[in-house]
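Following: one structure in structure tokens, then a few remarks.
First listed ligand is number 1; within each ligand, the first listed atom is number 1.
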Amino acid sequence: MNKRIIKLVFGLVSLFILESCSPEIKRNKPNVILIMADDLGYGDLSCYGSEKINTPNLDKLAAEGIRFTDFHSNGAVCSPTRAALLTGKYQQRVGIPGVVTAKHHRHHGLALSEKTFAESFKEVGYVTGIFGKWHVGYDTKFNPIHQGFDEYVGFLAGNVDYHSHVDQEGFEDWWSGDELTKEKGYSTDLITNHAIDFITRHKDESFLLYIPHEAPHYPIQGRSSKAEREIGGKNGVDFISFGSEENKEQLYTEMVEVMDEGIGRIINTLKNLKLDKNTFVFFCSDNGGTPRLASNGPLKGFKGSVWEGGHRVTAIAWYPGIIAPKQESNEQILTMDIYPTLTDLIGTEKPQNIDGISFKNHLLEGEALPERDLFWKHGVQTAMRLGDWKLVLEKKEAAPLLFNLKMDIGEKENLANENPELLKVMLEKISLWEKDVNQVGQIY
Ligand SMILES: [Ca+2]
């Protein structure tokens, strides 16, 4: 290569770096808002068939974008799904196969050495914020501000009293960054308010906003409910973790509807600031709905199980002008696919050595995803998906059960005896996967 060519290449590279850092270029990068409901059932939104809960704002996003029917949380409970979301990897691989509770795991959390999607966004100049539930490490050393988020207000545990913001173990749990803070208000509204404030303050920058809502996780409390938990209070003595209100069904409906109302306010903020055409919004739940109050529609089982009701969840993508409206997707997608999809959308480097795959081309052009094996593990329960087939192992020694989800979404008819070869193949794949994620025989 002669000197003139080297000079030219150097000049072009310098120009690219300069351009990348200029405010004009930064404004052109899309903003990203990721909203995660907590324990929302597959049948809990009106656009997913609920007849008692009204969610006009999420229904509108679905009508203007894509409603997913075969989207799955990585975990059957909170922490594992959040670990997979943050890292793009199976949660077993990053040491969060089960719930990180306030009581037993103060020392335990998502390792700081794991790269999160927030860190990828920061690398390319995004301002990053998280408002709501963290739940991958209670100790302040695991705080979101050490995992790529510039701003954080919310709680670290699995749930807090919606009014007093005290967790299940009686600890005060409402933070601004890595410091405890006092803030009055219903947590769902506070999360929405902080999100809107963040968007407004950063309207001229490219931003990443992660909104992990508390709703509709227990305690079952509405805007007018009384605070039940006090600092130092004992679960089962001073308060019931699920909440003591009698009209729980009505309150559960209110909890989902207040979250939906807040999402409507967030979308209106984008429209008022003329950011709606340059902001990708993705909504999903972190696991299936809970017994008694949630509806998982036609699905079997609830949160905490590897039946479909434990992990098939609602999901909506909205990006007006970029994603065509009125679409329904039956692609098999997991929470861990969100990270590489987001980096793909903003045109930055894909994270290395992850399990998730980008579904950007599916979002934008309807391209089908490649066929792949998918796995779920919760305690002693294991499940695997291969196309329309799903294998369920309720415990390690249990007889494997086989279902064809295309014909039988409710997992009612066990077809294991009719398909011995397929069963063998799937069991072998599970065994290899377990070895791969290094969790053989581990029970949580
Ligand atoms: Ca959850």
Side-chain angles (χ1 to χ4, degrees), residues 34-45 48 53 58 71-87 90-92 94 96-105 109-110 130-138 144 154-162 167-169 173 187-188 191 210-221 241-243 248 251-252 255-256 258-260 263 282-297 299 301-315 334-336 338 376-379 381 444:
L34 184 55
I35 307 168
M36 184 172 266
D38 197 348
D39 290 7
L40 184 75
Y42 189 71
D44 275 341
L45 302 179
Y48 279 80
I53 305 178
L58 282 163
F71 185 93
H72 298 261
S73 58
N74 261 76
V77 290
C78 314
S79 306
T81 296
R82 288 153 206 272
L85 171 70
L86 285 158
T87 62
Y90 276 112
Q91 59 272 19
Q92 289 81 4
V94 299
I96 313 281
V99 167
V100 179
T101 65
K103 191 175 184 180
H104 301 295
H105 294 263
L110 181 66
I130 165 176
F131 303 101
K133 166 167 164 171
W134 181 235
H135 209 190
V136 286
Y138 204 85
F155 57 103
L156 299 167
N159 66 87
V160 289
D161 183 297
Y162 279 76
D167 77 13
Q168 251 171 300
E169 301 300 325
D173 192 10
S187 62
T188 307
I191 290 165
Y210 173 32
I211 311 170
H213 266 293
E214 176 168 23
H217 198 296
Y218 66 78
I220 304 303
Q221 292 173 300
S241 59
F242 206 63
K248 285 196 176 63
L251 287 171
Y252 184 84
M255 291 163 81
V256 179
V258 169
M259 176 183 71
D260 179 77
I263 291 168
F282 194 81
F283 171 89
C284 61
S285 180
D286 72 332
N287 51 252
T290 47
R292 295 191 291 280
L293 294 172
S295 163
N296 286 325
L299 310 179
F302 292 94
K303 171 186 181 182
S305 85
V306 299
W307 298 111
E308 291 292 291
H311 55 82
R312 188 184 292 233
V313 293
T314 58
L334 257 65
T335 323
M336 65 187 183
I338 293 174
W376 292 265
K377 190 168 179 66
H378 180 71
Q381 309 168 60
Y444 285 84

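Qualifying ring-ring contact (aromatic ring centres under 6.0 Å, His included) partners for H213, counting only residues two or more places apart in sequence or in other chains: none. The ring-ring contact (aromatic ring centres under 6.0 Å, His included) check on F302 picks up nothing, with sequence neighbours excluded. Take Y48 and apply the ring-ring contact (aromatic ring centres under 6.0 Å, His included) test, not counting sequence neighbours, and it matches Y42.
When each of D286, L334, L85, V313 is checked for a side chain to side chain contact (heavy atoms under 4.5 Å, CB included) with S73, only V313 meets the rule.
Neighbours of the Ca ion (ligand 1) restricted to protein N, O or S atoms under 3.0 Å: the count is 6.
D39 and N287 are linked by a side-chain donor-acceptor pair at a separation below 3.5 angstrom, with hydrogens and angles left out of the test.
Remark: the backbone N or O of F155 is not paired with any side-chain donor or acceptor of D173 at under 3.5 angstrom.
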